[in-house]
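Here is the structure we will look at, set down as structure tokens.
We number each residue from 1, following the sequence as shown. A quick note: this is a predicted structure, and the numbers were derived from the prediction, not measured.
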Amino acid sequence: MKLLFIKSAFAILFLSPQFLHACLPHEIYVRSHQVSSYDRSDGKKVREYPRSGHCRELPRTNYFQDSSSQKFKSLSTKLKKWNDTEKAQVSKQISKLPTWLAKYTIKEMLRANSDGTENPASSIPFTKTILFYDAFFKSSDQTNIIIHELAHIPLWDLEVLQIEDFARLSGWEIKKTRDSTVTRIPHKKFIIPDSGESISEDFANHIEVYYSSPERLKVHNLKSFQFIDKLIKQKEKP
């Protein structure tokens, strides 16, 4: 359930252009880039030009990919092909998702052996990608794994102040500087130990436990439970 590429969650959250240009759950943010010259279908030549960052709609199917154009700098394993049984297992779990999470369209679902740990899956929220490892298909807890990985994505859909509110309620200490945002974790017990890795991991763990064991979350931290409960109810509205 490791979150790829996010070493300092709040630094990325405050600096990412996606927070300046919020996209819908079925869209992905495309950074500003230079478009190369090309010939249109009518034969007219189009010169090279800069294109501003924008939201692009994602298809709601065909996200099972056997390869990717993404560069996984922190991932040592190689991608491999999906088989029909694996696709069916993942699709079954996707069909069980809570309504609000099901709205978040995935760009790529990729298959790999392992990330070098016992981790069953990893998320890349910015590109709406999930990697599934061998451990996922051996797990009896596939529903919660899927919920956890999808839960990383909605965090990027929240306002910065909402993220700060959740973080503080969960026990993070946030210190802002002119150039970046620094977070510090007080000595405390998290709902799941790896919540201390990042605010995104902590948020995904809260969502996972909210569905698997709500009373446990209430007992652990009533205020963060109430934050998650209110957030989900807001997102479940038509």
Side-chain angles (χ1 to χ4, degrees), residues 1-6 9 12-13 16-33 51-72 75 79 81-84 86-112 120-133 136-137 142-160 162-163 166 198 200-201 203-208 210-211 228 231-238:
M1 300 181 187
K2 184 180 178 182
L3 180 67
L4 294 182
F5 300 148
I6 298 187
I12 292 178
L13 292 179
S16 169
Q18 190 164 356
F19 280 86
L20 302 177
H21 305 275
C23 295
L24 296 174
H26 61 281
E27 297 175 329
I28 188 170
Y29 184 78
V30 180
R31 297 174 186 270
S32 58
H33 61 285
R51 185 168 188 184
S52 302
H54 61 282
C55 295
R56 185 180 69 199
E57 186 170 358
L58 290 174
R60 296 179 181 273
T61 56
N62 300 323
Y63 39 59
F64 290 104
Q65 302 293 325
D66 295 332
S67 61
S68 176
S69 60
Q70 297 185 62
K71 304 298 181 183
F72 304 112
L75 184 64
L79 301 180
K81 291 185 177 181
W82 288 91
N83 62 47
D84 291 339
E86 292 168 346
K87 288 182 181 180
Q89 286 186 52
V90 172
S91 295
K92 180 180 179 180
Q93 300 305 326
I94 291 291
S95 70
K96 298 179 182 179
L97 284 172
T99 305
W100 71 280
L101 271 182
K103 294 178 182 178
Y104 286 87
T105 304
I106 301 303
K107 181 177 185 291
E108 292 182 340
M109 288 189 180
L110 304 172
R111 184 72 173 88
S122 294
S123 301
I124 309 174
F126 188 73
T127 60
K128 294 188 174 179
T129 300
I130 301 178
L131 291 97
F132 292 87
Y133 307 125
F136 174 85
F137 300 97
Q142 292 182 352
T143 300
N144 286 328
I145 294 171
I146 292 281
I147 286 175
H148 177 98
E149 296 307 332
L150 261 294
H152 280 294
I153 295 173
L155 181 71
W156 290 60
D157 190 34
L158 301 182
E159 297 290 337
V160 170
Q162 285 181 292
I163 301 170
F166 164 76
S198 69
S200 182
E201 193 66 29
F203 179 82
N205 283 337
H206 270 69
I207 299 295
E208 177 185 345
Y210 176 88
Y211 285 107
I228 296 296
L231 176 68
I232 289 175
K233 287 176 179 175
Q234 287 174 339
K235 286 184 169 291
E236 284 177 342
K237 291 180 181 179

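Between the side chain of W82 and the backbone N or O of D66 there is no donor-acceptor pair closer than 3.5 Å. At distances below 3.5 Å, at least one donor-acceptor pair connects side-chain atoms of E86 with backbone N or O atoms of N83.
Take Q89 and apply the side-chain hydrogen bond (donor to acceptor under 3.5 Å, both in side chains) test, not counting sequence neighbours, and it matches Q142. Legend: residues meeting salt bridge (Lys or Arg N to Asp or Glu O under 4.0 Å) with E108, ordered by chain and number and at least two apart, are absent.
In this structure, A204 and A151 approach most closely via the heavy-atom pair CA-CB, 3.9 Å. Here the shortest heavy-atom pairing between F203 and F166 reads CA-CZ, 3.5 Å. Between T105 and K128, the shortest heavy-atom distance links the atoms O-CD, 3.3 Å. When every heavy atom of L155 is checked against every heavy atom of S200, the shortest pair comes out as CD2-CA, 3.4 Å. Nearest heavy-atom pair across P154 and L101 is CG-CD2, 3.8 Å. What you find for S122 and Y133 is that their closest heavy atoms are OG-OH, 2.9 Å.
Remark: I146 CD1 to M109 CE distance equals 6.0 Å, nearest 0.5 Å. Remark: I147 CD1 to N144 CG distance equals 5.5 Å, nearest 0.5 Å. With rounding to the nearest 0.5 angstrom, the NZ atom of K107 is 6.0 Å from the OG1 atom of T129. A distance of 12.5 Å separates CG in L131 from CZ in F136, rounded to the nearest 0.5 Å. Taking NE2 from H206 and CD1 from I228, the interatomic distance works out to 6.0 Å, rounded to the nearest 0.5 Å. From I124, atom CD1 reaches atom CZ of F126 across 11.5 Å, with rounding to the nearest 0.5 Å.
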Throw together a table of side-chain donor-acceptor distances under 3.5 angstrom for residues 231-238, partners on residues two or more places apart or in other chains.
| unit_1 | atom_1 | unit_2 | atom_2 | d |
| --- | --- | --- | --- | --- |
| K233 | NZ | D229 | OD2 | 3.1 |
| K235 | NZ | Y104 | OH | 3.1 |
| K235 | NZ | D157 | OD2 | 3.2 |

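Proximity of E201 to H148: side-chain heavy atoms (C-beta onward) are separated by under 4.5 Å at one or more points. Between L150 and W100 the shortest side-chain heavy-atom distance does not fall below 4.5 Å.
Here the rule is side chain to side chain contact (heavy atoms under 4.5 Å, CB included) with E149, and of S123, P120, P125 only S123 fits it. Here the rule is side chain to side chain contact (heavy atoms under 4.5 Å, CB included) with F64, and of I106, L110, V90 only V90 fits it.
Within 6.0 Å of the NZ atom in K87, the count of heavy atoms belonging to other residues, nucleotides or ligands exceeds 12.
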